[in-house]
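The chains referred to below are lettered A, B, ... by the order of the sequence lines, with proteins before strands, and numbering in each begins at 1.
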Amino acid sequence: MMADWPILTLTTFLPLVGAFFILLIRGEPDMVARNARSVALWTSLITFVISLFILANFDPSNPGFQLVEEYKWIPAFNIAYIKGIDGISIWFVLASTFLTPICVMASWQSIETRVKEFMIALLVLETMMVGMFTALDFVLFYLFFEGVLLPMFLLIGVWGGPQRVYAAYKFFLYTFIGSVLMLLAILTMYLTAGTMDMRVMLDYGFAQALPSLHKWLWVAFFIAFAVKTPIWPMHTWLPFAHVEAPTAGSVMLAGVMLKMGGYGLIRANVQMLPEATFWATEFVFVLSVVAIIYTSLVALAQTDMKKMIAYSSVAHMGYVTMGIFTMNQQGFDGAVYQMLSHTIVSAALFLCIGVAYNRLHTRDMNAYGGLAKNMPRYAFVFMVFMLASVGLPGTSGFVGEFLSMLGAFQANTWVALFAATGLVLGAAYMLLLYRKLFFGKLDKPEVKAMRDLSWQEVSYFAPLVAIVMIMGVYPASFKDVYSPTVEKIISDHQASLKAAGLLDDGTPTQTASDTAPVKSVASEN
Amino acid sequence: MATLPDLMPALPELFLACAGLALLMIGVFRGEGSLRLVSWLAVASLVVTAVLLATGPTERVVTFNGLFVTDSFAVFMKLLVLTASALSIIVSMNYLEKEQIARFEYPVLIVFATLGMLGMVSANNLISLYVGLELQSLSLYVIAAFRRDFAKSSEAGLKYFVLGALSSGLLLYGASLIYGFAGTTDFTRLAEVFRGAGTPSLGVIVGMVFVAAGLAFKISAVPFHMWTPDVYEGAPTSVTAFFAVAPKVAAMALFVRVLVEPFGELLPQWQQVIWFCSVASMILGSLAAIQQSNIKRLMAYSSIGHIGYALVGLAAGTEEGVRGVLVYMAIYLAMNVGTFAIILTMRQNGRAVESISDLSGFSKTHPVLAFAMAVFMWSMAGVPPAAGFFGKFYVFMAAVEAKLYVLAIIGVLTSVVSCYYYLRIIKVMYFDDLSEPLERPGRALSLVVAGTALFVFPVYLLALNPILLGASQAAAALFGR
């Protein structure tokens, strides 16, 4: 179809073009706002349609990078403009392009000041996110990874709640401090491998080339992605950022930006530094389990709805890190599935809270009650996402949690046991939230006056509900696209562990063939 | 009878010297109100000088009995200096007229200071180094006190003069020690003396440290930075805009050349000095700026920090490091000229304001300028995808390559700290409510802002490859390749 188009570049930069057109809009404030909204909506919708062509042109049976585009950029330094996707990144690209139009719609009425700038920030954010997931050159990757910060800083700081400045700073400085250390790690790897091409780095074998440093490299990457994911104890920026951000900001933050951390962990830590990953597995397990249990307990104690969902995000990302580091097919599959499910579910939950907040302007769950009576549609939608977040069978959340638990059980029974208690806690706080909002007496006059979902709100909730259901009932539709990639990641991982002598149940022939090229490259440098 | 030295390699300098004298005459005969004419002529002569440089030879030529050298390093740095000087004259005109200090001596002094800088960049001898440096400094002392009926400006000029004289004294003392112990002041010969000579004598090391201290004063590296905030604050803003860029670039070029060419063999000796200056500058630059409420003082600390980052590359002591310094200075130039152009537009009710809080609500009254300012701040903080990131990228790459891991880690961490105050300006412009609106800027100023902002993002992404190639060539020239 469109395979010979630079389709990834198009998807990346189309939102930027839209942002540029919005910048040019002049005239009456009302007109500007209206036009900015529609330009943003159309741009993001067209981007989404184009991104569907990526899926159409993607061959799931091929575990390598596809639709690769390569242009010279700084040839003197072996830095190039390389884009490509594999089975894992394709879903995050689609998640970004899918959530952006929803965010535009969700901000249609709730954002009234500086609409033009808001829409520009949102579209720039989309460009950065798509660019980051499709980048195959480390400089490009880093540019987009950090480029996310500016639009998000402005989204929180300009359109956020009362403590927006504090939250925006905290968000920015936390993320930045993590990623500057990653920059040094990237530089070290670049100077070793001689190129910024991530495809080369994936197979490079840094443990052999940098025996004393590769664990430090792993730590630097881990800090960067742990802040972004976030992994306990580097999660403290997240509740503030979520609470203060406008709805669209929270949706983007929970839906896509947290996945940048998970994606980075897979790409850099697991794929490029397998030996150090093996070395740190137990450490990550401990952090994941603490995250699951501790942040679930913290969530249980919240009265602010957004804060509760924010903490639940940390707990859910705990399952993701646990699943990734089990390094078996089920666990890894589950981790990726959990990320996809969390993308939809947490985004939807923040949208749901946005609905309530727009009507009553408080996030305190005690201010509501009995909404099931006057907002039945809202109650239904909220219930679907609440149950998906809890992990009820038949929803998307179940598949991810189940698979990652299965993987964890094979890797370490204790980890699985503790993670399972997290499921119970998760159910406890989500049900608590649901009860406080929807059940009980409808006795508060201002709550009585709340209108049910408008057609516009229904129009963006409907696809989310559908996806949650499809993902729960027919997981293969999503899983089959990334499973071959995961399989390859795991077999590569195990091959390099065997080569390093860390796993001893492998065949010795593989060892010889794997280390030889690595050593020769290392000696050249 | 001595034969005349080959003048051709110094053609751009000779042209600029003649142009400066001619401009002075024009100014004297036209009298009051000739600022604009003289300024534009000064810009034109700087441009012509740049063209002469760019079309001239790039291979290494030494002339004037070994006093003067030109190579691709000199050409690269001189082009930066000329660009910075020309841009700072353009952004000054409106300001000078509005502040009623529109005197034609201003562009003329900048031209002579620039001439001194060109001399510094091309110095191949401790004597010519000193001559270039003093020609530059004397002009700078005068324009620092250009607003002579204003106490702060006079104070800035005096402070700069006293401390500058002190640093010149240090430098001369160091130079005489080196001459005494090594027997020559010529860079080429000094390099030969040290080559393969084993551990140098203590006198040479002390002399070198004195020279380094004198030069560190000129680039305002910690612990020789004390003058910077006061001079930046006291001098007229247009002068500060000039101070922040051109002299820094020139002095940095001189610093790099002195350490790499004659003292290249003494790398282990000077590396620790530069290491310390770099770390101290980065830390002080990032921490001290947090408390500032005056934007000019903030920029002073910011420039101290930036010099610290540039020194990271020099501390590596490698060709890659020098290349990093050159790229850093090129990007530093664009960011600083742009930022100061915006600071020059900060006027309320006909008077200049300098407080950061005066920028509040800037994004509502001047959306384009505010966006440009945000881009500059973003770039200064070194956050991608703005240009400043690539400046830091290359110096840190050199540091990692030279295995200076501690330096690199301190560097990236201080860059996070410095983010705080750069973000504060974005915060004031975008998050805070409107105070009193600022006036509209002039056309030339807007053009400079637009040009530099577009360069900082996104044009540099395309220009990166040529700049890097130029910097690589320049660095290679310095290392004799």
(message) Less than 4.5 Å to any heavy atom of chain B: does that hold for the side chain of A/Ile79, its backbone, both, or neither?
(response) side chain
(message) A side-chain contact here means heavy atoms from C-beta on lying under 4.5 Å apart; do B/Pro384 and A/Phe144 qualify?
(response) no
(message) Taking side chain as everything from C-beta outward and backbone as N, CA, C, O, which of these in A/Phe145 sits under 4.5 Å from a heavy atom of chain B? Side chain, backbone, both or neither.
(response) neither
(message) Among A/Val165, A/Leu154, A/Ile74, which residue has the highest count of heavy-atom pairs closer than 4.5 Å to chain B?
(response) A/Ile74
(request) Name the option with the most non-hydrogen atom pairs under 4.5 Å to chain A; the candidates are B/Leu413, B/Leu468, B/Ile426. (result) B/Leu468
(request) Test ring-ring contact (aromatic ring centres under 6.0 Å, His included) on A/Tyr142 and B/Phe393 and set out the steps. (result) CA-CA 11 Å; A/Tyr142 190 80; B/Phe393 181 80; 8.1 Å; no
(request) Name the region of B/Ala381, side chain, backbone, both or neither, that has any atom closer than 4.5 Å to a heavy atom of chain A. (result) backbone
(request) Give, for atom NZ of B/Lys364 and atom OG1 of A/Thr113, the distance between the pair rounded to the nearest 0.5 Å. (result) 8.0 Å
(message) For the interface with chain B, which of A/Leu184, A/Leu149, A/Leu181 has the highest count of heavy-atom pairs at distances below 4.5 Å?
(response) A/Leu184
(request) Check the surroundings of atom CZ in A/Phe20: do more than 12 heavy atoms from other residues, nucleotides or ligands lie under 6.0 Å from it? (result) no
(request) Quick one: pull up CE in B/Met397 and OG1 in A/Thr188 and give me the separation to the nearest 0.5 Å. (result) 10.5 Å
(request) Test B/Ser363 against A/Glu117 for side-chain contact (heavy atoms from CB on, under 4.5 Å), laying out the working first. (result) CA-CA 10 Å; B/Ser363 68; A/Glu117 286 90 343; over 6 Å; no
(message) Taking NZ in B/Lys403 as the centre, count heavy atoms belonging to other residues, nucleotides or ligands within less than 6.0 Å. Is the count above 12?
(response) no
(message) Using heavy-atom distances under 4.5 Å, tell me whether B/Phe371 contacts chain A through its side chain, its backbone, both, or neither.
(response) neither
(message) Other residues, nucleotides and ligands only: do more than 12 of their heavy atoms fall within 6.0 Å of CZ on A/Phe21?
(response) no
(request) Please assess A/Phe172 against B/Trp378 for the test ring-ring contact (aromatic ring centres under 6.0 Å, His included), listing each intermediate value before the final yes or no. (result) CA-CA 12 Å; A/Phe172 185 92; B/Trp378 210 246; 5.3 Å; yes
(request) Side chain from CB out, backbone as N, CA, C, O: work out which of these in A/Ile120 comes under 4.5 Å of a heavy atom of chain B, or both, or neither. (result) neither
(message) Tell me whether A/Tyr169 contacts the main-chain N or O of B/Arg424 through its side chain, where contact means a donor paired with an acceptor under 3.5 Å.
(response) yes
(request) Considering only heavy atoms and a distance below 4.5 Å, find which of B/Ile409, B/Val383, B/Val400, B/Val416 pairs most often with chain A. (result) B/Val416
(message) Which residue in the set B/Phe431, B/Tyr422, B/Tyr430 passes ring pair (Phe, Tyr, Trp, His ring centres under 6.0 Å) when paired with A/Phe153?
(response) B/Phe431
(request) Using non-hydrogen atoms and a 4.5 Å limit, figure out which bit of A/Leu173 sits close to chain B: side chain, backbone, both or neither. (result) both
(request) Check each atom of B/Phe457 against the heavy atoms of chain A and say whether the ones under 4.5 Å are side chain, backbone, both or neither. (result) neither
(request) Would you mind checking which part of B/Leu423 comes under 4.5 Å of any heavy atom in chain A, side chain (CB onward), backbone (N, CA, C, O), both or neither? (result) both
(request) With a 4.5 angstrom heavy-atom cut-off, could you sort out which part of A/Trp159 is near chain B: side chain, backbone, both or neither? (result) neither
(message) For a quick test of reading the model, state the closest non-hydrogen atom pair linking B/Pro385 to A/Gly147 and the distance between them.
(response) CD-CA, 3.9 Å
